[in-house]
Protein chains: 2
Amino acid sequence: MKTTKNCITRLYQYREALYRMKTSGCQKVFSNDLAEAIGANSSQVRKDFSLFGISGNKRGGYGIHELMDQLDTLFNKNQMRKIIVVGVGNIGRALMNYESFARELILIEAAFDIDPMKYDREALIPVLPMEELQDYITHNKIKMAIIAVPYFAAQQVFDLMSAAGIRGVVNFSPVSLKTPEDVFVNNVNVQLEIDIVHYFVNALDKKE
Amino acid sequence: MKTTKNCITRLYQYREALYRMKTSGCQKVFSNDLAEAIGANSSQVRKDFSLFGISGNKRGGYGIHELMDQLDTLFNKNQMRKIIVVGVGNIGRALMNYESFARELILIEAAFDIDPMKYDREALIPVLPMEELQDYITHNKIKMAIIAVPYFAAQQVFDLMSAAGIRGVVNFSPVSLKTPEDVFVNNVNVQLEIDIVHYFVNALDKKE
DNA sequence: TGGTTTTTGTGATTTTTTTCACAAAACACC
DNA sequence: GGTGTTTTGTGAAAAAAATCACAAAAACCA
Ligand SMILES: NC(=O)c1ccc[n+]([C@@H]2O[C@H](COP(=O)([O-])OP(=O)(O)OC[C@H]3O[C@@H](n4cnc5c(N)ncnc54)[C@H](O)[C@@H]3O)[C@@H](O)[C@H]2O)c1
Ligand SMILES: NC(=O)c1ccc[n+]([C@@H]2O[C@H](COP(=O)([O-])OP(=O)(O)OC[C@H]3O[C@@H](n4cnc5c(N)ncnc54)[C@H](O)[C@@H]3O)[C@@H](O)[C@H]2O)c1
């Protein structure tokens, strides 16, 4: 099966859009609606679905409920997703405080930092010293982690996690990590996103 | 000129990598080093440069200093980049507190919220009521904004900004905004990034 | 100086991704 | 039950992106 990251990304976006449609009372959608919701082409939508054997009703579109269920199964959305945060700074805290993760069964179970001032074992999400990171990962069978430490610490933190059994990482630092084959890393580079907007704003200006 | 978003993104990544190389004392790089730093192919690097008329020295690679200067010019990096934040919650605050933006001349000039409890005119980055948003944008000729409000408010906030003259937006809400042709929007969807990692972790597991 | 090596710059090629286009299914209405 | 309309599902086509491959320039070396 040809499942690219782009395709998976879109599937999750469909799901997000479906959630909002359901919330606002809809029962069914056409590929066209979904395409519009995520800014794509309607045959893209249908192709994405067909790749995963998801099918609708000719002339009747897709039942929202049904469709979400199929996506959820595909994504193992019904299984709790435990995750840890390393680096309890601006970004780390923002994530730890985000309430809507619960809705998607994303559970930030613990956080780690190198700074003793941040330790707090009693908090809702405990903040633990880095020394305990590897044990925690192995003991609790944690598979996913978020890296929110400064760039100079990112690779080193990654290596620790990876050695302890982490299989997937969301990396907020601006460095691109050297990773083994069997660990999946997704980068979120906020400054890059701002830079790119800046570039295109200038480019658009010049065109006029 | 064929300048896609992918290409621009890589150029900024090269720059980021160059910055770190310079910091650690390097003087010159080869296309190979840059490729490795961002996880790409070396002819990709050269092609990106050639698209913008950036050239190195046969057999000698690229002078880091020189190269950064060329990228900076290309990106108007020497011009101060004023930006505002709308939505002073977890994410909004994280951005407002991030110190390294200054290094890149990204200046968060003001923030806006709908909640009176958040207003603070005296703060380093003042938090102002939404009523003042449009005036602020036009008076201060702000071109870029960050949207960090809940999803149900995002489109409405966008429409306000856009009407007042905003030309580029980084959107942290999970909805894809309906935008006019001449406004550039970049989406940062943190939950999506986590979801995708989760998907691939599961997929890798199953393969074994 | 002339041969050898290294690395760039770019056209050609390949691969990947998106879009088109249309047959087939499902329904609606008469 | 037949006719017309809508929307799916998917091969075929087009467009976009990445990679290859190699000539040419520069440096090095003997
Ligand atoms: N905050 C933002 O808006 C923003 C924007 C763009 C990029 N980033 C990137 O996101 C990352 C986090 O940013 P932030 O603003 O939250 O940083 P921060 O400085 O607020 O927090 C970093 C935290 O990491 C901890 N830390 C440092 N070294 C560590 C180590 N070796 N092991 C464990 N913990 C360690 C620090 O004690 C601190 O608590 C950085 O890489 C930054 O470049 C942040
Ligand atoms: N915090 C995270 O880690 C995280 C993760 C994924 C996605 N997000 C998304 O990022 C966005 C911001 O998240 P957050 O955690 O910072 O939210 P938050 O609830 O902490 O803050 C939202 C802020 O927006 C303000 N607001 C609400 N309606 C407004 C309006 N109409 N005009 C102006 N301000 C308004 C609120 O007063 C509040 O201060 C949300 O769309 C959220 O879905 C956040």
Side-chain angles (χ1 to χ4, degrees), chain A residues 1-14 17-18 21 26-68 70-71 74 176 187 192 196 199-200 203, chain B residues 1-14 17-18 21 26-71 74 176 187 196 199-200 203:
Chain A
M1 201 189 294
K2 265 295 190 14
T3 97
T4 66
K5 185 177 158 190
N6 281 1
C7 168
I8 303 298
T9 302
R10 283 190 302 268
L11 288 167
Y12 276 99
Q13 290 179 291
Y14 302 144
L18 286 167
M21 289 169 180
C26 294
Q27 302 277 333
K28 66 176 193 174
V29 273
F30 300 130
S31 55
N32 221 327
D33 305 328
L34 282 172
E36 194 160 298
I38 77 155
N41 178 299
S42 74
S43 46
Q44 180 82 84
V45 177
R46 299 197 296 276
K47 186 147 268 180
D48 286 338
F49 287 165
S50 100
L51 227 57
F52 284 90
I54 292 175
S55 60
N57 318 299
K58 301 235 162 161
R59 202 175 172 182
Y62 304 81
I64 289 190
H65 223 80
E66 235 177 306
L67 188 48
M68 285 191 78
Q70 286 182 83
L71 290 173
L74 190 60
S176 101
N187 298 299
L192 185 58
I196 290 167
Y199 178 87
F200 282 104
Chain B
M1 201 191 295
K2 264 295 188 12
T3 97
T4 67
K5 184 177 159 189
N6 281 3
C7 168
I8 302 298
T9 301
R10 284 190 303 268
L11 287 169
Y12 276 98
Q13 291 179 290
Y14 302 144
L18 286 167
M21 290 169 180
C26 294
Q27 302 278 334
K28 65 176 195 175
V29 272
F30 300 130
S31 55
N32 221 326
D33 305 329
L34 282 171
E36 194 160 296
I38 76 156
N41 177 298
S42 73
S43 47
Q44 181 83 84
V45 176
R46 298 198 296 278
K47 184 146 268 179
D48 287 338
F49 287 165
S50 99
L51 228 56
F52 284 91
I54 292 175
S55 59
N57 317 298
K58 300 236 161 157
R59 201 171 172 181
Y62 304 81
I64 289 190
H65 223 80
E66 235 176 304
L67 187 49
M68 285 189 78
D69 280 352
Q70 287 183 81
L71 290 172
L74 190 61
S176 101
N187 298 298
I196 291 166
Y199 178 87
F200 283 104

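Order of the sequence lines fixes the chain letters, A, B, ..., with proteins taken first and strands second; residue numbering starts at 1 for each chain.
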Within the structure shown, what part of the strands sits under 4.0 Å from [X] by heavy-atom distance: base, sugar-phosphate, or nothing?
X: B/N6; answer: sugar-phosphate
X: A/S50; answer: sugar-phosphate
X: A/S31; answer: sugar-phosphate
X: B/F49; answer: nothing

Value rounded to 0.5 Å, distance of CD1 in B/I64 from SG in B/C26: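 Between B/I64 CD1 and B/C26 SG, I get 5.0 Å after rounding to 0.5 Å.
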Nearest 0.5 Å, please: how far is CD1 in B/I54 from CG in B/L11?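 The CD1 atom of B/I54 is 6.5 Å from CG of B/L11, to the nearest 0.5 Å.
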Determine whether a donor-acceptor pair (one donor, one acceptor, N or O, separation below 3.5 Å) exists between the side chain of [X] and the base of [N].
X: A/R59; N: D/dT5; value: yes
X: A/K58; N: D/dT7; value: no
X: B/K47; N: D/dT19; value: yes

Write down the distance between [atom1] ([X]) and [atom2] ([N]), rounded to a whole number of angstrom.
X: A/F52; N: D/dT10; atom1: CZ; atom2: P; answer: 14 Å
X: A/K5; N: C/dT18; atom1: NZ; atom2: P; answer: 13 Å
X: A/F30; N: D/dG9; atom1: CZ; atom2: P; answer: 12 Å
X: A/Q44; N: C/dT16; atom1: CD; atom2: C1'; answer: 12 Å
X: A/Y62; N: D/dT6; atom1: OH; atom2: P; answer: 18 Å
X: A/D48; N: D/dT8; atom1: CG; atom2: C1'; answer: 14 Å
X: B/Q13; N: D/dA18; atom1: CD; atom2: C1'; answer: 15 Å
X: B/N32; N: C/dG9; atom1: CG; atom2: P; answer: 14 Å

Closest-nucleotide mapping onto DNA chain C: is B/S55 or A/R46 further toward the 5' terminus? I mean the 5' end.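 So the residue in question is B/S55.
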Would you mind telling me which residue lines up with the more 5' stretch of DNA chain C, A/N57 or A/A40, judged by nearest nucleotide?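 Result of the comparison: A/A40.
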Decide whether A/N6 and A/T4 meet the rule of one side-chain donor and one side-chain acceptor closer than 3.5 Å.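 There is no such pair between these side chains.
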Quick check: closest heavy atoms across A/F52 and A/C7, and the distance to 0.1 Å?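 Closest approach of A/F52 to A/C7: CE1-SG, 3.9 Å.
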Backbone N or O of A/S31 within a donor-acceptor pair of the A/S42 side chain at under 3.5 Å?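 Checked: no pair found.
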